[in-house]
Amino acid sequence: MTTPTFKPSHYHGVHVDATTRRAAHTTTQSYLAGFNRLLARPTHKRPHQQVIAGPALANLLEMRKEYAGKHYRVVGEPKIVSQKVIKRRAHPPLLVVATCLDNTAVKVLDKHGQQVTTSAGPARVMNLLTLVFRDGHWLVTHSSLPTNPAC
């Protein structure tokens, strides 16, 4: 039996205005860039991105600690293939965004520059990001994968 591949089109989108949609996309891009920058040099102390908070930040810092301990680093950046707001709440403001990422260019390297073998997962992965609006801007507070993350 084949497990279906999920795409943002499988999620029912909710209506959001163009400004909110752009802000969600920009926040997602900033989150991904900050995530990758931190894991590219996990032993360096640098301020975290201002778009990451809560459990998403805790998970990133834990991953950074693990990568630093193993002398791993990340090269390459994921590409947003598609994105859809699938949940919206007005008060307090919250969005859940289904984001399909192409991780083909992303590699984890050891201290010798050799690629670390990881479990063979799909090159394109659906990420469910929870964004909250706090202090005048959107923050990614949670990141999760659906049961079958291929997209």
Side-chain angles (χ1 to χ4, degrees), residues 3-70 72-108 116 118-151:
T3 306
T5 298
F6 287 93
K7 299 177 181 169
S9 60
H10 289 113
Y11 292 96
H12 296 291
V14 295
H15 176 73
V16 293
D17 60 81
T19 302
T20 301
R21 196 169 34 257
R22 278 191 303 275
H25 185 76
T26 300
T27 300
T28 301
Q29 286 179 315
S30 296
Y31 165 74
L32 293 171
F35 193 96
N36 273 31
R37 271 195 299 274
L38 196 60
L39 295 182
R41 300 179 81 184
T43 57
H44 287 215
K45 302 284 184 196
R46 27 166 55 165
H48 57 274
Q49 290 291 315
Q50 297 299 315
V51 296
I52 308 171
L57 178 58
N59 290 340
L60 172 59
L61 295 176
E62 186 61 33
M63 186 178 279
R64 174 179 127 172
K65 181 178 174 182
E66 177 187 345
Y67 277 37
K70 293 180 178 182
Y72 289 173
R73 63 187 170 92
V74 172
V75 296
E77 299 221 1
K79 177 183 169 193
I80 297 174
V81 176
S82 57
Q83 191 170 42
K84 182 186 284 188
V85 176
I86 60 171
K87 182 178 179 182
R88 170 181 60 122
R89 184 179 67 204
H91 299 289
L94 174 138
L95 301 172
V96 176
V97 183
T99 305
C100 180
L101 298 177
D102 183 341
N103 290 311
T104 305
V106 179
K107 308 285 184 252
V108 178
V116 175
T118 58
S119 60
R124 289 185 175 194
V125 178
M126 179 64 65
N127 285 253
L128 302 175
L129 303 176
T130 302
L131 284 64
V132 297
F133 193 74
R134 190 179 305 153
D135 299 327
H137 59 279
W138 289 98
L139 302 168
V140 175
T141 59
H142 293 84
S143 176
S144 64
L145 302 174
T147 304
N148 176 6
C151 58

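- Side-chain contact between L60 and I52 is present, with at least one heavy-atom pair separated by less than 4.5 Å.
- We find the CD-CE distance between Q83 and M126 to be 10.0 Å, quoted to the nearest 0.5 Å.
- If you take OG1 on T19 and CZ on R22, they are separated by 4.5 Å, rounding to the nearest 0.5 Å.
- By the 4.5 Å heavy-atom criterion applied to side chains, V140 and T28 are not counted as neighbours.
- Side-chain atoms of H91 do not come within 3.5 Å of backbone N or O of R89 as any donor-acceptor pair.
- Between the side chain of T20 and the backbone N or O of V16 there is no donor-acceptor pair closer than 3.5 Å.
- Within the 4.5 Å cutoff, side-chain heavy atoms of M63 are placed close to those of L39.
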(message) Run the side-chain contact (heavy atoms from CB on, under 4.5 Å) test on Y67 and L38 for me, step by step, so that the C-alpha distance in whole Å, both residues' side-chain angles and the decisive distance to 0.1 Å come before the verdict.
(response) CA-CA 10 Å; Y67 277 37; L38 196 60; over 6 Å; no
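- For the side chain to side chain contact (heavy atoms under 4.5 Å, CB included) with I86, the lone residue among V14, L128, V97 that qualifies is L128.
- The only option from V125, T104, N103 that meets the side chain to side chain contact (heavy atoms under 4.5 Å, CB included) definition with P78 turns out to be N103.
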(request) Step by step, work out the side-chain contact (heavy atoms from CB on, under 4.5 Å) result for N59 and L57. (result) CA-CA 5 Å; N59 290 340; L57 178 58; over 6 Å; no
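- The closest side-chain heavy-atom distance from H142 to L129 is not below 4.5 Å.
- Looking only at distances, a side-chain donor or acceptor of R88 sits under 3.5 Å from a matching main-chain atom of H15.
- No donor-acceptor pair under 3.5 Å is formed between the side chain of R41 and the backbone N or O of R73.
- Here the NE2-OG distance, from H25 to S30, works out to 9.5 Å after rounding to the nearest 0.5 Å.
- Residues C100 and R124 approach most closely at SG-CB, 4.1 Å, considering heavy atoms.
- Here K79 contributes atom NZ and L101 contributes atom CG; the two are 11.5 Å apart, rounded to the nearest 0.5 Å.
- Nearest approach of E77 to N36, heavy atoms of both residues: CA-ND2, 3.3 Å.
- The closest side-chain heavy-atom distance from L94 to T130 is below 4.5 Å.
- A 4.5 Å side-chain heavy-atom check between S143 and F35 finds every atom pair outside the cut-off.
- Counting heavy-atom neighbours within 6.0 Å of D17 CG, excluding the residue itself, gives a total above 12.
- One distance of note links CG of N127 with OH of Y31; it measures 7.0 Å at 0.5 Å rounding.
- Looking at every heavy atom in both residues, P149 comes nearest to L145 through CB-CB, 4.2 Å.
- Put simply, the side chain of E66 reaches to within 4.5 Å of the side chain of K70, judged on heavy atoms.
- Side chains of T141 and L131 form no contact here, defined as non-hydrogen atoms less than 4.5 Å apart.
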(request) Take W138 and L95 through the test side-chain contact (heavy atoms from CB on, under 4.5 Å) and record every step on the way to the result. (result) CA-CA 9 Å; W138 289 98; L95 301 172; 3.6 Å; yes
